[in-house]
Amino acid sequence: MRLLLDSMKQTLTEILLEALARAKSKGELKLDTQPVITLETPKDKNHGDMSSTFALAMAKIEGKPPRKIAEIVLANIQDEEGIIAKTEIAGPGFINFFLKQDRWRKTLFDIDAEAHEYGLKDIGKGERVQVEFVSANPTGPLHVGHGRGAAVGDALANLLAAVGYDVQREFYINDAGRQVRLLAQSLYARYQQALGNNVAFPEDGYHGEYIAEVAQDLIKVHGNTFLNKPLEECAAIFTDFGKDAMLADIRTDLEAFGVRFDVWFSEKTLLADNSVQRSIAELRERGYLYDQDGAQWLRSTAFGDDKDRVVVKKDGEYTYLASDIAYHRNKLARGFTQLVNIWGADHHGYIPRVQAVIQAFGHPKDSLHVLLVQLVSILRHGQPVPMSKRAGNFVTLRDVVQDVGADVARYIFLTRKTDSHLDFDLDIAKEQSRENPVYYVQYAHARIASVFREVETRNIPVPGRDAVQIDLLDVEEEQNIIKALAKYPEMIEEAALAYEPHRITFFLQDLAGLLHNYYFKHRIITEDLARTGARLFLMKQVKTVIQSALKILGVAAPERM
RNA sequence: GCGCCCAUAGCUCAGCUGGAUAGAGCGACGGACUACGAAUCCGUAGGCCAGAGGUUCGAAUCCUCUUGGGCGCACCA
């Protein structure tokens with residue numbers, strides 16, 4: 001599909017390249033090296049629709065002042081298609097292009113034709129990408145930090161899919177290590193205690209009340225079968241029961257949050273089918289594994305890690321890294337060309353060694369992209385709510401979703417860059433005002449929907465693209481909206497390539513602001529039927545784009561609020 | 001001690017990968033409902049982009065150092 005903004009940029013680039021070539025053949029410019037034509041949309045409207053700085057960049061090589069170069073180039077421009085309304089040289093040598101308004105207005109036809117496909121590109125070309133996120137230990141309920149990871153991961157997956165990648169969402173279940181052992185011990189203790197056998201609670205156990213609840217469930221299923229039995233005899237059952245109960249909770253919470261995974265990948269299966277063993281053997285063959293002090297080490301320093309890392313301990317047990325080696329080898333073997341892992345920021349020190357693993361298996365370092373998500377602080381009445389995971393006292397995702405709703409929570413999680421701290425103010429999240437950006441954006445959508453309801457009751461015709469007179473969209477506010485809509489595809493592409501879904505929320509807030517501003521200043525439904533039709537046509541396209549963008553974020557676009 | 005991330009308006013944050021006079025929201029102050037939804041809009045005030053050097057036509061953005069915050073540095077996960 002061909003998009004307006006891109007084609008405009010492209011056309012302009014071609015025009016400039018031709019102008020340069022002409023200048024060269026006339027001997028006005030040396031052009032020993034081909035300059036890169038950069039075009040950007042200036043933030044100041046007075047600087048035109050497109051602006052280029054290449055004259056500044058060329059000045060040194062060319063040995064001419066940038067303004068002179070700009071003059072030469074402009075003099076050689078031939079605008080056959082007639083898209084340029086005006087050009088100017090500004091400041092030290094910027095070249096500003098003012099494009100004919102008709103060109104912008106035609107964006108509306110693109111949107112009308114492509115509807116929800118508008119802005120979706122195929123830069124992924126069906127390449128398979130995996131996004132692994134949340135991957136919380138199945139030892140307790142999800143907290144708000146997981147919620148942020150879930151919102152980011154899900155939106156990013158949507159975003160990558162929107163630009164043509166074949167995306168898979170995966171949740172890695174840590175069901176093999178120390179954490180689930182501790183879960184079993186904690187559950188065992190609560191079980192025994194509930195039945196009157198007062199055994200000691202494990203030192204590092206999970207203190208949350210939910211453990212006692214799971215113990216009650218276990219009693220319902222198994223009665224007192226395990227009363228007074230030593231832990232060793234029933235550890236497997238306690239582990240499985242506890243883990244399954246936690247996973248069921250996690251899954252329920254995620255669904256309530258609107259997040260679904262394609263694959264739930266169990267660490268245990270990697271051990272069960274000897275993948276871990278085989279992966280380690282392969283690393284040894286490749287020369288990245290060696291023995292020292294009775295342990296087996298990954299030579300991660302070969303790929304820039306600070307030190308080598310133990311994979312198999314002196315006592316023969318695997319470290320966590322061993323599982324991750326097998327897991328990432330497994331991911332790569334599944335044919336993904338890009339792996340995206342979303343981790344809590346406290347795991348950043350782990351990145352170099354996993355990237356070392358990727359490279360040790362012969363894949364480029366950047367086939368793995370780790371996105372760090374900073375922690376979330378919850379504020380209530382302006383005060384931080386203390387959270388201590390150890391004491392089992394933290395704000396759960398479920399609490400937040402019940403309190404403010406999934407839409408609000410998701411949106412707020414996506415209003416920050418992932419690597420900056422997020423203060424989540426519960427009072428603001430419940431407020432229905434400008435301060436709460438979700439409502440601001442949703443309201444814009446609902447407002448438009450309301451206009452169309454009005455149009456329907458009054459029996460006012462809404463023209464199709466054949467009948468609409470878009471040249472009647474001539475007020476400044478309309479131009480602003482149209483230009484914002486025209487930027488949507490570019491924004492989506494950039495957000496996807498940068499793995500930054502938060503850009504969508506900012507785009508939406510801008511667009512909603514323009515809409516509200518327009519709506520307040522101008523009436524859409526007037527006596528003038530042709531003008532009314534044009535405005536309704538514009539509104540239809542705004543509605544489409546808001547819907548598309550919100551859909552990527554996983555947030556509803558309500559018809560009324 | 002070493003490494004990673006962060007520092008932008010009173011507060012919460014953007015800033016399109018080096019461009020022109022650094023932008024929003026909230027809060028403050030002042031305005032706008034006899035018209036399609038006031039969950040909205042308009043205006044005013046507010047800044048040495050933590051500090052100091054450097055790179056160049058040009059720096060909030062890139063490099064170095066300093067200060068101040070967060071987080072890592074296991075044969076834990």
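First the proteins, then the strands, lettered A, B, ... as listed; each starts at 1.
The glycosidic torsion of C33(B) lies within 90° of 0, which places this base in the syn conformation. Taking 90° from 0 as the syn/anti boundary, the base of U67(B) is oriented anti.
A salt bridge is defined here as a Lys NZ or Arg NE, NH1 or NH2 lying under 4.0 Å from an Asp or Glu carboxylate O, and E500(A) with R503(A) meets this definition. With salt bridges taken as basic N to acidic carboxylate O contacts below 4.0 Å, one links K483(A) and D49(A).
For the pair Q374(A) CD and C71(B) P, the interatomic distance rounds to 9 Å; values are reported in whole Å. Distance E500(A) CD to C13(B) C1': 14 Å, rounded to the nearest Å. Look at CG on N517(A): it is 14 Å from P on A38(B), rounded to the nearest Å. Note: NE2 (H502(A)) to P (A14(B)) measures 6 Å, nearest angstrom. Look at CD1 on I524(A): it is 10 Å from P on G37(B), rounded to the nearest Å. Per the geometry, CZ belonging to R503(A) stands 19 Å off P belonging to C13(B), to the nearest Å. Spacing between atom CZ of F520(A) and atom C1' of A35(B) amounts to 11 Å, rounded to whole angstrom units. Look at CE on M561(A): it is 13 Å from C1' on A38(B), rounded to the nearest Å.
In Q292(A), the CD atom is crowded: over 12 heavy atoms of neighbouring residues, nucleotides or ligands sit closer than 6.0 Å. A 6.0 Å sphere centred on NZ of K365(A) holds no more than 12 heavy atoms belonging to other residues, nucleotides or ligands.
Between F413(A) and F424(A), the ring planes lie tilted relative to each other; the angle falls in the 30° to 60° range. Using the six-membered ring where Trp is involved, Y518(A) and H522(A) have ring planes that are tilted, between 30° and 60° apart. Relative orientation of the Y327(A) and F265(A) rings is tilted, given thresholds of 30° and 60° on the angle between their planes.
For the C1' atom pair drawn from U64(B) and A28(B), the interatomic distance equals 41 Å after rounding to whole Å. Taking atom P on both C62(B) and U8(B), the two are 15 Å apart, rounded to the nearest angstrom. A32(B) and C5(B) have their C1' atoms separated by 45 Å, given to the nearest Å. One C1' atom belongs to C41(B), the other to C33(B), and the distance between them is 11 Å to the nearest Å. Taking atom C1' in both A7(B) and C13(B), the straight-line distance is 13 Å, to the nearest Å. Straight-line distance between the C1' atoms of G46(B) and G27(B): roughly 11 Å, to the nearest whole Å. Comparing C57(B) with U40(B), their P atoms are spaced 48 Å from each other, to the whole Å. When the C1' atom is used for both A22(B) and G18(B), the distance is 14 Å, rounded to whole Å.
In this structure, S52(A) and R453(A) both approach RNA chain B, and ranking their closest nucleotides by distance from the 5' end singles out S52(A).
Picking from C16(B), C36(B), G19(B) the nucleotide with the shortest atom distance to the side chain of K487(A) gives C16(B). When each of G15(B), C36(B), A39(B) is scored by its nearest atom to the side-chain atoms of V451(A), the top-ranked nucleotide is C36(B). Taking only side-chain atoms of R447(A), from C-beta outward, the nucleotide of C13(B), C36(B), G37(B) with the closest atom is G37(B). The side chain of D346(A) lies closest to C71(B) when the candidates are U17(B), A20(B), C71(B).
One N or O donor and one acceptor, one from the side chain of H348(A) and one from the base of C71(B), sit under 3.5 Å apart. Scanning atom types as modelled, one donor and one acceptor separated by under 3.5 angstrom connect the side chain of N96(A) and the base of A20(B).
Between L187(A) and Y206(A), every side-chain heavy-atom pair lies at or beyond the 4.5 Å cut-off. Put simply, the side chain of L515(A) does not reach to within 4.5 Å of the side chain of L511(A), judged on heavy atoms.
Among the heavy atoms of the strands lying under 4.0 Å from R523(A) is at least one base atom, whether or not backbone atoms are also near. If you check every strand for non-hydrogen atoms under 4.0 Å, S51(A) touches a base. Counting any heavy atom pair closer than 4.0 Å across all strands shown, H445(A) reaches no nucleic acid atom. Using a 4.0 Å heavy-atom distance criterion, A444(A) is classed as making no nucleic acid contact. Among the heavy atoms of the strands lying under 4.0 Å from H516(A) are primed sugar atoms or P, OP1, OP2 only; no base atom is included. At a threshold of 4.0 angstrom between heavy atoms, the contacts of D175(A) with the nucleic acid are absent. When heavy atoms are screened at a 4.0 angstrom cut-off, Y519(A) is found touching base atoms of the nucleic acid. S420(A) comes within 4.0 angstrom of sugar-phosphate atoms only, judged by non-hydrogen atoms across all strands, and of no base.
Under the Watson-Crick or G-U wobble criterion, with both distances below 3.5 Å, U17(B) is left unpaired in every strand shown. The partner of G1(B) is C73(B), by the rule that a Watson-Crick or G-U pair needs both atom distances under 3.5 Å. When both pairing distances are held under 3.5 Å, G25(B) makes a Watson-Crick or G-U pair with C11(B). The partner of A45(B) cannot be assigned: no Watson-Crick or G-U wobble pair with both contacts below 3.5 Å exists in any strand. Across all strands shown, A60(B) has no partner, as no Watson-Crick or G-U wobble contact with both distances under 3.5 Å is found.
Rounding to the nearest 0.5 Å places CD of E170(A) at 6.0 Å from NZ of K331(A).
For the OP1/OP2 pair of C42(B) and a distance below 4.0 Å, the side-chain nitrogens and oxygens of Y518(A) include no atom meeting the criterion. For the OP1/OP2 pair of G15(B) and a distance below 4.0 Å, the side-chain nitrogens and oxygens of K417(A) include at least one atom meeting the criterion.
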Stepwise, does the salt bridge (charged side-chain N to carboxylate O under 4.0 Å, His left out) test hold for D510(A) with K487(A)? CA-CA 11 Å; D510(A) 280 348; K487(A) 274 194 95 167; over 6 Å; no
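Where stacking is scored as ring centres under 5.5 Å apart with planes under 30°, Y443(A) does not register as stacked on the base of G37(B).
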Could you write out each protein N or O paired with an N or O of nucleotides 73-77 of chain B at a distance under 3.5 Å?
residue : atom : partner : partner atom : Å
C75(B)  : O2   : K314(A) : N            : 2.7
C75(B)  : N4   : D293(A) : O            : 3.3
C76(B)  : OP2  : K313(A) : NZ           : 2.2
C76(B)  : O2'  : R178(A) : NE           : 3.4
A77(B)  : OP2  : Y320(A) : N            : 2.8

